[in-house]
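Take a look at the structure below.
What you are looking at is a predicted structure, and each value in this text was computed from that prediction instead of being measured. Quick note: numbers below take in every heavy atom, side chains included, and nothing from hydrogens, waters or symmetry partners.
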Amino acid sequence: MGDKEGLTQRVKNLRINPDALDKVVVPEVGVEVLNVDGKRNSLQIYASITDAEGYISPNDARKGLTVFGKDYETEARTKPGAHPNIDGLIKIIELGKEIRSDVYRRESIKMHPFSDDVLFEAAERFGTPVIVYDEATIRSRMTALNGAFSWASGGFMNHIAVKATDCAPIIQMAYEAGMGVDCASAKELHMVKAMGIPGDRIILTSNATPAKLFKQAADMGAIINFDDPTHIEFFKRKIGNLPEVVYLRYAGDEMVGGNRIIGEPEKRKYGIMIKDMSSALEQLRTGGVSEFGLHQMIVSNELREENLIDSAAHLLDLGHKLSMDSGIKLHGIDFGGGFGHAYRPEHIPLDERKVAEGIRKVFEEKVAEGMSEGVKLKMENGRWLTAESGILLMEALHLEQKPGGKYIKVDASGNDFARVEAYSCYHHLVVLGKSGNDEVYNVAGPKCENSDHWARNRLLPKVEVGNILGLCGAGAHGRMMGPEYNGFLQCGEVMFHTDGTFEMLTRRKSLKDQFAKYDFPGSRFAHLARIEE
């Protein structure tokens, strides 16, 4: 197949939905790519290389040229004007700097499950900032995930990652749906124990684990997922006998892949390398372990079904081989929680049914090769279950002009939802009661840090002071990461129920919460803990 003939497939591999886009405009190099026949490949390429802050860098432009292919690039260089969209990428490379790229997105792809009326009511009743969840969306996702893997003969259980959300009512919903929990700390174990979740539904996956935490998990009857061979010996020395069933976290050092969130395999701090697996299993065998499980999380927020299936295939194959070599029964395979959420309207969402079907085929192949069909399948998805259901509401306090352009200053900070600030990633923004791509804005919070931005160079409807904005995809991996920087108080959480009622799930943090750290015997500043707002 020639270079030009492969363009369609290369563009398809970008997983960009052109129906979500009107056009992409790069003013400095004179590029305007419309959503019309003959231009949609260029449209998808430009959208894919525009970063979360609305720029195309020279490296991004090179990636775009790679998708167009060498034949088209050569033709563009020898016949200037023949391929203006390729010319634009060449200009960006020659300029040697990042260039602003305006992506005009269509509003036909709705990024949250609420009506504006519901969100206006939530903002009025509970104030801003506040995170609102949709019960129906969460329950639908839980049902869909369980149903997709209902074929697993040994049983399937998703252990919702508490690091994705520690909101107890949501964890309770997952438990009632037949799910377990994945914990990493003493606080998380204490919470789920107090909620009445039994040990056989709990996995402890930690990577710098004190003896006290190991003992807490063991006493609860939780499954312990060892991150390193030295942890096994540490457990035996500090705690005593190993449990009958334990899991081993595989580092994935033989695999190619990963991403910037969880890390490339060679840069990752997690897991047991393949060369150390035999010694780890020997420690389990001599320690009286009767069954082991294998765990791995190769990616985070993955939208490509084939990557998840390939990772699962490798893990199933490795688990079966290690069981045969060690003579220890394979209890289960834990694929981690890599199911992703499409944060941008143009990103094609993950199809959980395709992933489940792909894993089913691999599982059946392993059973045919001698693996027990009673092997349990586990996952630790949190983001996929709850991200879409949540929206962070914030009020526009000020409209300002700065050297970097027009600014909307809002009352929500990265303390309320830290993911955007931590990763400089894209979350879609909406303005309640308005539509359109009228103005390019920067949207920023009140913290004394320039990282406290919700969006840079983002096309939005014309905004006025007092308008309510919504940050979509705020249902997971954000509030849990929120710090207390500058003392801006973290917002509360609210559920919109299927019967049309609201329920406050967590309250906004108070000054008393922040100053409670001074409340201890002998404290010279205990009076601060009595401050009232």
### Task
Given side-chain contact (heavy atoms from CB on, under 4.5 Å), test His159 with Met157 step by step and report yes or no.
CA-CA 6 Å; His159 295 255; Met157 182 173 290; 3.6 Å; yes

message: Assess the residue pair Val410 and Leu397 against the criterion (side-chain contact (heavy atoms from CB on, under 4.5 Å)); give the C-alpha distance rounded to whole Å, side-chain angles, the decisive distance to 0.1 Å, and a yes or no.
response: CA-CA 5 Å; Val410 297; Leu397 301 178; 5.7 Å; no

Verify salt bridge (charged side-chain N to carboxylate O under 4.0 Å, His left out) between Arg456 and Glu53, making sure each step is shown before the conclusion. CA-CA 5 Å; Arg456 297 178 191 266; Glu53 297 186 345; 3.3 Å; yes

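Taking the charged nitrogens against the carboxylate oxygens, Arg139 and Glu135 do have a contact shorter than 4.0 Å, which makes a salt bridge. Taking the charged nitrogens against the carboxylate oxygens, Lys70 and Asp3 have no contact shorter than 4.0 Å, which rules out a salt bridge.
Interatomic distance, Asp51 CG to Tyr426 OH, rounded to the nearest 0.5 Å: 12.0 Å.
The closest donor-acceptor contact from the side chain of Arg344 to the backbone of His428 lies at 3.5 Å or more, if one exists at all. In this structure a side-chain-to-backbone donor-acceptor pair under 3.5 Å is missing from Glu400 to Tyr407. Using a distance-only test at 3.5 Å, with no hydrogens or angles considered, a donor-acceptor pair links the side chain of Arg479 to the main chain of Cys491. No donor-acceptor pair under 3.5 Å is formed between the side chain of Ser140 and the backbone N or O of Ala136.
Each of Thr165, Ile170, Thr143, Leu385 was scored for a side chain to side chain contact (heavy atoms under 4.5 Å, CB included) with Ile138, with one residue passing: Ile170.
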Report all side-chain donor-acceptor pairs from residues 461-476 shorter than 3.5 Å, counting only partners two or more places apart or in another chain.
from, atom 1, to, atom 2, distance (Å)
Glu464, OE1, Lys434, NZ, 3.1
Asn467, OD1, Lys434, NZ, 3.0
Asn467, OD1, Glu464, N, 2.8

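Screening residues 70-95 for ring pair (Phe, Tyr, Trp, His ring centres under 6.0 Å) gives Tyr72-His83 as the qualifying pairs, with residues at least two apart or on separate chains.
In terms of heavy-atom proximity, Val375 sits nearest to Gly332 at CG1-CA, 3.7 Å. Of all heavy-atom pairs spanning Ser101 and Val24, the tightest one is OG-CG1, 3.4 Å. Of all heavy-atom pairs spanning Ala164 and Arg383, the tightest one is CB-N, 4.1 Å.
Side chains of His427 and Arg419: a donor-acceptor N/O pair is present below 3.5 angstrom, by distance only.
Below 30°, between 30° and 60°, or above 60°: for Phe339 and Trp384 the angle between ring planes is above 60°, a perpendicular geometry.
The side chain to side chain contact (heavy atoms under 4.5 Å, CB included) search around Asp60 returns Ile49, Ile56, Ser57, Lys63, not counting sequence neighbours.
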